[in-house]
> 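Sending over a structure as structure tokens; questions will come in a sec.
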There are 2 protein chains.
Amino acid sequence: MNSFKTIEWQNNKVLMIDQRKLPGKEVYIECTTFEEIAECIRDLVIRGAPAIGIASAMGMALGAMSISDDCSYEDFTKRMKTISEHLALTRPTAVNLFWAIDRMNRLISECRDREVKEIKNLLKTEAINIQKEDLITCIRIGENGAELIKDNSVVLTHCNAGGLATAGHGTALGVIRSAFLQGKNISVISSETRPVLQGARLTTWELERDGIPVRLITDSMAGHLMSRGMVDSVLVGADRVASNGDIANKIGTYSLSILAKHHNIPFYVAAPTSTIDGKCLSGEKIIIEQRNPEEVTHMDGKQISAQVNAINPAFDITPADNIECLITEVGLFKKPYEKSLSGIIKKNQ
Amino acid sequence: MNSFKTIEWQNNKVLMIDQRKLPGKEVYIECTTFEEIAECIRDLVIRGAPAIGIASAMGMALGAMSISDDCSYEDFTKRMKTISEHLALTRPTAVNLFWAIDRMNRLISECRDREVKEIKNLLKTEAINIQKEDLITCIRIGENGAELIKDNSVVLTHCNAGGLATAGHGTALGVIRSAFLQGKNISVISSETRPVLQGARLTTWELERDGIPVRLITDSMAGHLMSRGMVDSVLVGADRVASNGDIANKIGTYSLSILAKHHNIPFYVAAPTSTIDGKCLSGEKIIIEQRNPEEVTHMDGKQISAQVNAINPAFDITPADNIECLITEVGLFKKPYEKSLSGIIKKNQ
């Protein structure tokens with residue numbers, strides 16, 4: 001699906017492309033322990049809600065591999081609990097991390113009567129399945145969302161909700177890819193997405209490789225371009241969707257939703273149903289990760305500002321009311337989201 | 001007024017601090033010709049509407065110095081016309097550039113009966129006076145605006161409308177400095193202002209030197225902080241004010257004005273009356289400078305994105321309706337601006 005591998009299970013090792021080094025260098029990191037996977041998630045070697053889910057599941061499988069076959073089921077579950085907790089502590093906002101860990105633990109609890117050796121293999125298969133399913137999910141999201149993207153239109157996207165944020169194809173970029181593959185004449189405006197520049201570094205890299213026309217802007221330019229009629233729709237991913245339709249996504253998404261509303265430009269969110277957190281009633285309940293201020297005051301290790309403090313929330317909350325449509329693998333959802341999402345939330349429980 | 005010199009006339013040379021190198025290095029550049037001054041304006045060695053005005057006036061004076069005393073008044077005016085045109089071509093948006101050049105040329109036209117040698121000295125004095133007047137103007141802007149800044153409040157500012165953008169004290173930062181000197185407990189949030197990072201590099205540097213509390217954010221964080229009640233007012237400068245009150249200012253200002261309006265946060269603009277362009281009826285008439293896309297795709301000479309195009313408008317237009325109050329050296333102006341500004345516009349003609 002991609003001309004690159006975001007993450008891959010290869011004979012009991014996990015390979016991932018180091019997203020911190022793109023687009024300059026295409027380097028792959030090899031993880032052999034769950035601790036290394038956790039470090040890669042924390043340090044943004046791999047990022048994007050679905051990709052973080054896949055990585056944590058593979059981390060669980062790597063952790064299981066390190067446990068002796070002779071270990072009792074009780075000791076195995078105890079050990080896996082520690083491993084789950086270690087992986088869960090990496091990043092607080094993307095719900096897919098917890099979704100994947102829960103899914104792996106559910107499998108363990110269903111295997112009470114099996115041998116540990118067997119459970120370890122089942123966990124490995126489950127992690128690989130989570131990745132396979134995510135690719136299929138992204139393709140469905142793309143097909144479901146493509147109808148919303150008009151021919152001869154300009155789509156603004158923020159951060160990177162692409163193949164690098166998933167098993168491939170992407171969520172927001174999956175919709176763009178599918179529309180493009182349908183022969184629609186579309187072009188993309190990618191906001192650079194400070195401080196980590198996922199838009200500048202990753203989204204332009206992915207789209208340029210696929211031959212999809214893309215232009216880069218700084219985050220501050222979006223409103224001006226909207227006021228000049230240069231943006232037809234805004235399309236982003238999500239790190240968590242509350243049951244009322246509020247979403248958490250990369251910092252700057254909220255501002256884009258207000259600006260889109262002001263200019264009567266449709267604002268779409270593309271995400272797998274695994275990103276919907278039924279236990280979370282509204283956006284205020286979502287914990288927003290505060291990252292190191294040096295991400296703002298420094299660039300490439302070099303200080304860009306005076307010796308001052310910085311504020312660095314990694315995400316913000318976009319209220320459901322600003323979201324025209326939520327694009328998932330099972331279809332499009334509209335307001336009121338409490339009602340439209342209730343079926344999936346029941347199913348997910 | 002400042003602990004640094006933005007620009008200074010020193011025995012027939014012009015010294016300016018190289019703002020491209022701040023805050024890392026405090027380097028001064030010496031100009032001996034009007035061509036060097038033009039280059040410094042174009043390359044952002046000096047920036048900020050009032051500072052550009054001062055620099056262009058000093059460029060005119062340097063140009064005059066290079067003309068022989070024996071030259072006829074007619075040849076002198078011809079030569080000065082060429083010099084004016086060269087300086088006027090540096091940057092299109094800030095009106096202060098044209099205002100200062102016009103003022104210098106008006107002086108020349110009033111000196112028909114004087115000797116060229118005498119006119120050259122008068123032009124030098126006029127340029128230095130424009131700088132002196134700008135400092136006084138900024139102090140008045142500060143005093144007039146300070147009443148709008150509440151005690152124990154947080155002010156968000158964009159780009160750099162400080163001492164570095166003027167002869168000293170600043171316009172927006174002049175208001176903040178004056179409020180701070182009045183003993184008000186205020187703190188500043190500075191948006192970094194991509195692509196050239198005037199907020200991160202210059203505003204934090206100025207405020208930190210003055211001991212005014214300042215925190216840095218990326219441009220995309222402003223809306224989120226407003227939604228969390230962390231911003232009490234927004235205060236920016238302007239590069240041009242149309243007679244209907246629309247303003248041109250650094251790219252990103254328009255978005256901030258929409259976000260402030262959405263969150264019922266007052267949005268203030270501080271500018272000298274020399275920034276009011278009576279000939280310009282509305283914002284649509286203002287030419288927006290499009291700068292080199294490499295300012296967006298590269299940082300410190302290093303490419304940050306894939307090989308893609310970028311859009312790089314240096315300014316945007318904020319409609320008068322979003323502006324709570326225009327702070328000038330002669331007082332505060334409110335809507336409707338066509339009416340409130342008409343007196344000054346007549347006076348400026």
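Lettering of chains follows the sequences in order, A, B, ..., and the numbering in each one begins at 1.
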> For A:His224, run the side-chain contact (heavy atoms from CB on, under 4.5 Å) check against B:Thr253, B:Ile317, B:Ile288, B:Thr318 and tell me which one passes.
B:Ile288
> Please determine, among A:Ser227, A:Pro195, A:Pro23, the option with the most heavy-atom pairs under 4.5 Å with chain B.
A:Pro23
> For the atom pair CD1 (B:Ile304) and CG (A:Leu197), what is the distance rounded to the nearest 0.5 Å?
5.0 Å
> At a heavy-atom separation under 4.5 Å, does B:Leu207 approach chain A through its side chain, its backbone, both, or neither?
neither
> Hey, which of B:Met221, B:His262, B:Glu208 has the most heavy atom pairs under 4.5 Å with chain A?
B:Met221
> Hey, which of A:Thr203, A:Leu22, A:Val214 has the most heavy atom pairs under 4.5 Å with chain B?
A:Val214
> Starting at CG of A:Leu259, measure out to OH of B:Tyr254 and round the result to the nearest 0.5 Å.
7.5 Å
> I need the residue from A:Arg201, A:Glu192, A:Met226 with the largest number of non-hydrogen atom pairs under 4.5 Å to chain B.
A:Glu192
> May I ask you to say whether B:Asp219 pairs ionically with A:Arg194, meaning some side-chain N is under 4.0 Å from a carboxylate O?
no
> With rounding to the nearest 0.5 angstrom, report the OG to CG distance, B:Ser305 to A:Leu202.
11.0 Å
> Give, as side chain, backbone, both or neither, the part of B:Met299 having an atom under 4.5 angstrom from any heavy atom of chain A.
side chain
> Between B:Pro213, B:Ser255, B:Ala222, which shows the greatest number of heavy-atom pairs under 4.5 Å with chain A?
B:Ser255
> Identify which of B:Gln307, B:Lys261, B:His263 forms the greatest number of heavy-atom pairs closer than 4.5 Å to chain A.
B:His263
> Go through the atoms of A:Lys302 and report whether side chain, backbone, both or neither lie under 4.5 Å from a heavy atom of chain B.
side chain
> Need one label for B:Asp300: side chain, backbone, both or neither, based on atoms under 4.5 Å from any heavy atom in chain A.
side chain
> With a 4.5 Å heavy-atom cut-off, do A:Thr193 and B:Ser220 have their side chains touching?
no
> Can A:Glu295 and B:Thr218 be said to form a side-chain contact (heavy atoms from CB on, under 4.5 Å), step by step?
CA-CA 10 Å; A:Glu295 286 183 349; B:Thr218 67; over 6 Å; no
> For B:Ile311, is it the side chain, the backbone, both or neither that has a heavy atom under 4.5 Å from a heavy atom of chain A?
both
> Mind ranking B:Gly24, B:Ser191, B:Gly199, B:Ala200 by heavy-atom pairs under 4.5 Å with chain A and telling me who comes out on top?
B:Ala200
> Heavy-atom distances under 4.5 Å only: say whether B:Arg228 touches chain A with side chain, backbone, both or neither.
side chain
> Measure the shortest side-chain to side-chain distance between A:Arg215 and B:Val308 over non-hydrogen atoms and say whether it is less than 4.5 angstrom.
no
> With a 4.5 Å heavy-atom cut-off, do A:Thr297 and B:Leu216 have their side chains touching?
yes
> Among the options B:Asn309, B:Ile189, B:Asn312, B:Asp316, pick out the one with the most heavy-atom pairs lying under 4.5 Å from chain A.
B:Asn309
